[in-house]
Amino acid sequence: MDKALARQILLACASGVLYPLCFPDFDLGFLAWVLLVPLHFAIEPASPRQAFRIGWLAGLIGFTGTMSWVVTAMHLYGKMPLAASYAVMVVLTTYLGLYVALYAAGYTWLKRMAPSVLFLTAPSLWVSLELLRTYVLSGLPWALLGYSQYQWLSIIQIADHTGVYGVSFLIVLVNLALTELISWVFARLRRDQVGLAWQAPAAALLAMAIAGIYGHSALQVDARSLDVRTLSIGLVQANIDQAHKWDVAYREETLERYRRLTAQVAARSDLIIWPEAATPFLFELEPQYRSEVTAMAQAARAPILFGSPALRYTPDRRPYLLNSAYLLSPAGEIQGRYDKQHLVPFGEYIPLHSSVLFFLDKLVEGIGDFEAGTTPTILTVRPLAASSPHADDQKPEVKFGVVICYEVIFPDLVRQFALNGAEFMATITNDAWFGRSAAPYQHFGMVVFRSVENRVAFARAANTGVSGFIDPSGRILSATPIFTEAVLMGSIPVQRRPTFYTRYGDAFGYGCVIITGLFLTAARFRRNGHDHRQ
């Protein structure tokens, strides 16, 4: 191996190692602003084909570090042999690494063909690939680069216009600017008479200034919004062992735990939220256990939102299951139900199970395969006025949406609820199958962006954590540890402030796709014309 290749490999590995450090539970988000610099230097002298391979290595290492929890899920809960679990993780991270490989190849090509506009085309290319990853093969927008900044509130406020993709754009732009500055410094140290490529540093300074000023202003506006209505919510984190969750022998123990924890928040709550699949039975079809849950709502004198499977039939009487969230009134009546729209591949169903992947079982232990819901259902709660001695003196009705489990990582799906009138959002999940890994914290951190994008507060109930509250600015108000039994009380603002993102969705992301497509096409024509002249 020659020195040049060894240098390229080491630099690619450096970017790969930095990637997972930017996310929970390392939470070194500041590293995101430099993580692509080594990769940029590694591919500087490379052809697009060589850059593809170098980028793939960086992506493989980066996503292996970020997605290592897949082994826990596959081995402990999917009952796969350990070796096979590692193999599945490598297949997944190899696929995800392709997106970094495509970025590296495209970056090299664009820099050669149109270096003066690289400050625009390189970040647009990265965003285009993140948008592609959000939808291709059911979508897996886990650990998008922008999510690394979930704690930097002043910078992420731009997400109410651009979505998380705008923050990714900004990070890549700063990485590019630093690459150009470091290259210029090295050239000066070698006494090379090379001018500074000023476009990227100037664009990065301008973009950071705009994002910072806008973010500060947005946070000030939210801080002054003290007269909005609030809702008192009690979260129940029952910490039910995944190995016992669907065991009939543990049903009464599970219900007793929910009964005890619910009683702790009942007196102060306008709404009580349990996690995804909190009832390990078919709520609508098992009257004995259903009566126990309705009795809890009646005793609490507050609505309860909880997850439970629902059984339905096709016109030809074929049964199927839905992963549902039920809203139970204080009288114990079903006020509404939302059916999960975006199911987890290999978790709630096996793609091509009957023909190709017949040998695999679902990761999530339960009672069968699920089918997707079709509608972003808006639910309503009409809490009693806490200060009134009269039961019929009521606060105005509050509209809200519910997303279940990893639906919350899909920006456009959450946006549909805000567009339909949700004044706050609830998300219920069972993250037990992540085990004691970084994944529960990564999952929770992504919710911050859904709040900012649509200016709605979030209440999150997770079986084993993290449960918590996030305000419309993305500020984490409170959060529980994982794998502990806990209750959490919070008062969150309820409001409807449709943002640019709420109204127009991923317009920024698709704009980046158009820019990338135009410049890649122009670069191709320019190259073909140059080859023809030669």
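Side chains are part of it too, since the values below use all heavy atoms of this structure and drop only hydrogens, waters and symmetry mates.
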Below 6.0 angstrom between ring centroids: does that apply to Tyr406 and His342? yes

Closest approach of Gly465 to Gln237 (non-hydrogen atoms, all atoms of both residues): CA-OE1, 3.2 Å

I would like to know whether Phe169 and Phe508 meet ring pair (Phe, Tyr, Trp, His ring centres under 6.0 Å); could you show each step before the answer? CA-CA 10 Å; Phe169 184 100; Phe508 177 84; 5.6 Å; yes

Please state whether the rings of Tyr95 and Tyr99 are parallel, tilted or perpendicular, taking 30° and 60° as the class boundaries. perpendicular

Within 45 degrees of the axis of the six-membered ring of Tyr289 and under 6.0 Å from its centre: does Arg251 put its NZ or CZ there? yes

Which of Thr427, Ile492, Asp471 passes side chain to side chain contact (heavy atoms under 4.5 Å, CB included) with Phe458? Answer is Thr427

Sequence neighbours left out, what passes salt bridge (charged side-chain N to carboxylate O under 4.0 Å, His left out) with Arg312? Give chain and number order. Glu284

Would a distance-only check, ignoring hydrogens and angles, find a side-chain to backbone donor-acceptor pair under 3.5 Å from Thr93 to Thr64? no

Take Leu282 and Leu321 through the side chain to side chain contact (heavy atoms under 4.5 Å, CB included) test and state the conclusion after the steps. CA-CA 10 Å; Leu282 296 171; Leu321 290 165; 4.0 Å; yes

Spacing of OG belonging to Ser467 relative to CD1 belonging to Ile482, to within rounding of 0.5 Å: 11.5 Å

Is the distance from the ring center of Phe63 to that of Tyr19 below 6.0 Å? yes

Check the orientation of Tyr250 and His244. Use parallel for under 30°, tilted for 30 to 60°, and perpendicular for over 60°. parallel

What residues form a salt bridge (charged side-chain N to carboxylate O under 4.0 Å, His left out) with Arg455, not counting sequence neighbours? Asp160, Asp222

Chi angles and distances behind the ring pair (Phe, Tyr, Trp, His ring centres under 6.0 Å) call for Phe449, Tyr147: CA-CA 8 Å; Phe449 277 82; Tyr147 288 134; 5.3 Å; yes

Is the shortest heavy-atom distance from the side chain of Leu170 to the side chain of Gln149 under 4.5 Å? no

Any side-chain heavy atom of Thr134 sitting closer than 4.5 Å to one from Asp412? no

Is any side-chain heavy atom of Glu130 less than 4.5 Å from a side-chain heavy atom of Leu145? yes

Indicate the atoms forming the closest heavy-atom contact of Tyr338 with Val403, along with that distance. CE2-CA, 4.3 Å

Output, in order, the C-alpha distance, side-chain angles, deciding distance and verdict of side-chain hydrogen bond (donor to acceptor under 3.5 Å, both in side chains) for Gln242 and Asn430. CA-CA 9 Å; Gln242 188 67 20; Asn430 175 26; 2.8 Å; yes

Counting C-beta onward and ignoring hydrogens, is there a side-chain heavy-atom pair between Thr480 and Leu235 closer than 4.5 Å? no

In terms of the angle between their ring planes, are Trp69 and Phe434 parallel, tilted or perpendicular, with boundaries placed at 30° and 60°? perpendicular

